[in-house]
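Notes follow the structure.
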Amino acid sequence: MPPPPKRVLHAIFTPHKDLDSKTYLTYRNISIFALLNIFFLIFVFSPFAVYSSDVSQFDPSQTFQTLGGLFGFFLLFSFLGIYTTSFFYHTRLLKLGVFACMVLVLIAISYVFLFTGNIFNARPYAPLDGLLFKDGGANISHPFAKYFDIGYAFFLMIISAVILYKFKNIARIALMALFGILVLSSLLDLGSVIIEHSKYAKLEAPTQDSYDNTNNTAIPDYTNTYLGFSKDKPNIIVLMSDTVQSDNFTQALKDYPELYDVFEGFTYYANTLSASSITFASFPAIIGGEYYTPYNVNKRELKHTLAEENSKAIVDVANSFSNAGYAVSFGTIFPGDEVYIRPNLKKDVLLIPNTDHSAWAGFYKQHYHIKEPTLDSRIPFGELISLGLFRASPYILRARLYQAEGWLFGDSLLANHFRYSLNNASKIASFAVLSNTQSPKPTFKLFHENTEHFPWLLDKDNACQHITDPSVYRSKLMSDKAGLAYSNHICYVKNLGSWLKWFKDSGIYDNTKIIIVSDHGNGGLGAPLIDLPRRELRNSHIFFMVKDFNTRGKLKVDTTTFVSNSDAMAVACDEIDSQCPNISPSFLKSPTPNRELIFSLVDGGSGRQTNTKFDVILQYKVKNSIFDLNNWTDITNGE
């Protein structure tokens with residue numbers, strides 16, 4: 001008698017005669033046409049529809065190779081799928097396999113034809129431009145998506161069981177008819193492509209790489225003022241570093257103990273809670289204090305847009321420091337709009353244009369000898385296949401297939417992510433080279449930089465150069481996202497250390513007050529310190545450091561003082577006797593025992609700046625410490 005495992009396999013794969021030939025053929029055909037429909041939806045139907053919608057965005061010389069290749073992928077995967085499942089046709093796994101195929105085809109059909117946008121906020125996805133969403137994919141993900149996907153999958157399992165029990169023949173006919181309709185629709189799309197192709201066939205194929213937009217190595221004309229500090233008068237800096245997770249820095253201190261000397265005179269506040277989960281909701285609070293947290297803004301029930309409200313925070317703080325005699329620079333106009341800011345801002349305040357996010361990339365690329373990725377193919381197989389998968393996939397997978405303007409399977413992933421990474425990393429690294437001590441007045445500056453923002457391409461083991469191999473990056477993105485985030489963090493810290501060294505070498509470290517704060521974390525990647533009550537809250541643990549005037553000695557770590565990123569500007573405004581409107585003295589001057597702070601998980605969908613309130617999905621009140629789960633209270637439905 002064979003041992004138990006072999007007995008099980010023997011029982012499964014031994015042919016049996018429980019089904020009559022007609023029922024067997026029905027099950028087999030359901031399996032075959034379910035697979036054909038799934039693969040046709042992914043490789044032909046969706047890509048052909050997108051291709052035919054705007055032939056002009058593709059290389060005319062590659063049109064038929066692209067469409068033929070996509071059809072070839074359909075044939076290949078269909079053959080492999082049908083061939084593999086054929087081994088189970090005469091086994092006891094036939095019914096189970098057909099059930100699985102039925103569930104999968106219903107999922108694919110539902111998400112392709114029904115769930116074509118974000119059903120949670122009733123917003124459609126942004127239009128495609130060059131196969132990329134115009135809003136960067138801001139409206140794709142949602143915190144509740146996975147719960148919907150799981151619930152809907154169970155619902156389809158029940159539907160599939162009923163269909164296979166009661167309506168097998170109808171299911172077989174319906175799948176065959178659906179396949180015929182999909183083929184006919186794709187043939188019509190192909191005809192449209194052929195007709196449109198003739199209009200563009202003689203045009204020269206595009207030759208400019210999508211990521212190579214940094215040939216201009218000139219620095220912005222506002223550089224001297226923007227990066228000008230006083231040699232002997234006070235300098236106050238608020239550096240908002242996007243998406244820095246406090247957990248990563250805690251881990252970095254263990255791995256690189258020399259950081260205690262790099263951040264000389266700083267205090268690192270590890271017990272820190274963000275006001276919100278996303279930049280456009282946290283940044284107003286960083287500038288304007290607790291008055292501008294999503295919780296407090298929504299309580300005020302605005303009659304105007306969030307863009308107008310948030311702009312008031314910028315105007316109030318900038319004008320307050322200008323009135324106090326400081327040379328003021330605001331390094332961003334986000335999340336407000338210049339139309340609301342400029343008319344109310346004092347004329348001597350330097351308001352940096354919104355092009356600042358990419359203004360330093362050319363200098364950075366040349367000065368640090370940044371290498372570019374080598375991309376071989378112009379045929380967008382990866383992008384079109386990813387798009388087909390995207391349309392047929394549940395929401396939770398869609399957010400993984402499309403990440404920050406790049407499709408997972410395609411050159412656009414590295415091409416666009418390289419461009420973003422180049423812009424993101426360029427500021428701090430350039431500041432360390434271009435800063436000066438030419439300001440005749442005390443200075444107040446707010447900088448907004450994005451080194452830590454996804455995508456994470458900086459390689460700490462390769463002199464913080466950017467990853468340039470598409471296959472290496474794709475592999476790491478799929479299997480080691482935490483490693484990518486931590487590597488990027490170490491490079492951020494090193495670039496920041498280089499800038500701090502410039503302050504020390506220039507002799508202005510002691511007369512400079514520096515507040516470094518992040519708007520939200522990156523979801524707990526790196527080294528999570530706490531298992532928060534919900535996964536959606538893991539980017540609530542933000543980065544907060546302060547170096548006061550004339551402080552020296554090794555970095556201090558404070559794990560008890562409970563602070564928020566909405567405290568950042570209060571620390572700066574202490575230096576002008578808290579004259580900033582709506583901002584009270586900071587926790588450094590007025591400690592608050594048994595403090596309670598609120599974290600709001602806010603929907604980041606498109607159109608958010610034109611709303612009159614923040615779309616809060618979850619809200620938690622935290623008392624004294626984020627590290628004690630007993631201190632977290634869900635107040636989503638009220639206190």
Side-chain angles (χ1 to χ4, degrees), residues 131-132 136-137 140-141 209-212 241-252 254-256 361 364-365 368-377 380-383 385-387 389-390 393 396-426 428-429 450-495 518 520-528 535 538-539:
L131 291 181
L132 302 174
I140 289 174
S141 62
D209 293 326
S210 61
Y211 60 86
D212 188 14
S241 290
D242 206 315
T243 324
V244 184
Q245 184 84 16
S246 186
D247 307 323
N248 280 326
F249 188 70
T250 298
Q251 183 64 40
K254 298 175 183 177
D255 296 339
Y256 301 88
Y364 165 72
K365 182 179 174 183
Y368 290 95
H369 309 291
I370 304 301
K371 299 175 182 176
E372 298 177 352
T374 302
L375 308 175
D376 298 326
S377 176
F381 283 139
E383 285 76 10
I385 291 172
S386 295
L387 197 148
L389 280 167
F390 177 91
S393 294
I396 192 64
L397 293 181
R398 287 179 176 179
R400 287 160 173 76
L401 287 165
Y402 190 84
Q403 304 193 36
E405 296 202 17
W407 292 106
L408 184 59
F409 303 108
D411 281 350
S412 70
L413 185 75
L414 184 59
N416 287 299
H417 285 196
F418 175 80
R419 174 169 53 89
Y420 277 100
S421 178
L422 196 70
N423 290 338
N424 290 348
S426 63
I428 294 295
N450 300 291
T451 306
E452 285 258 46
H453 197 288
F454 184 84
W456 304 302
L457 265 73
L458 299 181
D459 186 354
K460 64 181 176 60
D461 298 320
N462 185 29
C464 288
Q465 285 280 330
H466 300 248
I467 298 171
T468 57
D469 187 318
S471 61
V472 170
Y473 179 56
R474 186 180 295 112
S475 174
K476 286 182 176 291
L477 196 60
M478 295 177 70
S479 62
D480 189 25
K481 226 174 181 180
L484 284 174
Y486 185 61
S487 176
N488 221 77
H489 178 75
I490 296 304
C491 292
Y492 159 73
V493 170
K494 288 182 177 179
N495 288 341
S518 62
H520 57 85
N522 56 30
L525 297 172
R535 186 175 184 85
R538 292 185 183 178
N539 68 349

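Each residue takes its place number in the sequence, starting with 1.
- Of the inter-residue distances, the one linking H453 atom NE2 with N423 atom CG reads 12.5 Å to the nearest 0.5 angstrom.
- Two residues are said to be in side-chain contact when any heavy atoms from C-beta on lie closer than 4.5 Å; L457 and L414 meet this criterion.
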Steps toward side-chain hydrogen bond (donor to acceptor under 3.5 Å, both in side chains) verdict (N248, Y492): CA-CA 11 Å; N248 280 326; Y492 159 73; over 6 Å; no
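- Of all the heavy atoms in K494 and K460, the pair that sits closest is NZ-O, 4.0 Å.
- With sequence neighbours left out, T451 forms a side chain to side chain donor-acceptor pair (under 3.5 Å) with E449.
- Partners of F249 under the ring-ring contact (aromatic ring centres under 6.0 Å, His included) rule, at least two apart in sequence or in another chain, are F263, Y268, F543.
- The side chain to side chain contact (heavy atoms under 4.5 Å, CB included) search around L484 returns W456, I467, Y473, K476, L477, not counting sequence neighbours.
- The shortest distance between side-chain heavy atoms of K365 and L422 falls below 4.5 Å.
- Judged as a side chain to side chain contact (heavy atoms under 4.5 Å, CB included), and not counting sequence neighbours, the contacts of S386 are W407, F409.
- In this structure, E372 contributes its side chain and F418 its backbone to no donor-acceptor pair below 3.5 Å.
- When every heavy atom of S141 is checked against every heavy atom of A399, the shortest pair comes out as CB-CB, 3.9 Å.
- Of the possible polar contacts, none joining the S393 side chain to the R398 backbone as a donor-acceptor pair under 3.5 Å is found.
- Closest approach of Q245 and R538 over heavy atoms only: NE2-O, 3.0 Å.
- A search for ring-ring contact (aromatic ring centres under 6.0 Å, His included) contacts involving Y368 returns Y364, not counting sequence neighbours.
- Here the closest non-hydrogen pair linking H369 and Q465 is O-NE2, 3.3 Å.
- S479 meets the side chain to side chain donor-acceptor pair (under 3.5 Å) test with no other residue; sequence neighbours excluded.
- For R474, the side chain to side chain donor-acceptor pair (under 3.5 Å) test picks out no residue, with sequence neighbours left out.
- N424 places no side-chain N or O within donor-acceptor distance of the main-chain N or O of E452, the cut-off being under 3.5 Å.
- Considering CG of N522 and CG of N488, their distance stands at 9.5 Å, rounded to 0.5 Å.
- Note that CG of N539 is 13.0 Å distant from OG of S246, once rounded to the nearest 0.5 Å.
- The two residues L458 and C464 come nearest to each other via the heavy atoms CD2-O, 3.6 Å.
- The side-chain heavy atoms of S487 and D459, taken from C-beta on, include a pair separated by under 4.5 Å.
- Considering only residues two or more places apart in sequence or on other chains, D480 meets the side chain to side chain donor-acceptor pair (under 3.5 Å) condition with none of them.
- Taking every heavy atom of both residues into account, T243 and G521 meet most closely at CG2-O, 3.4 Å.
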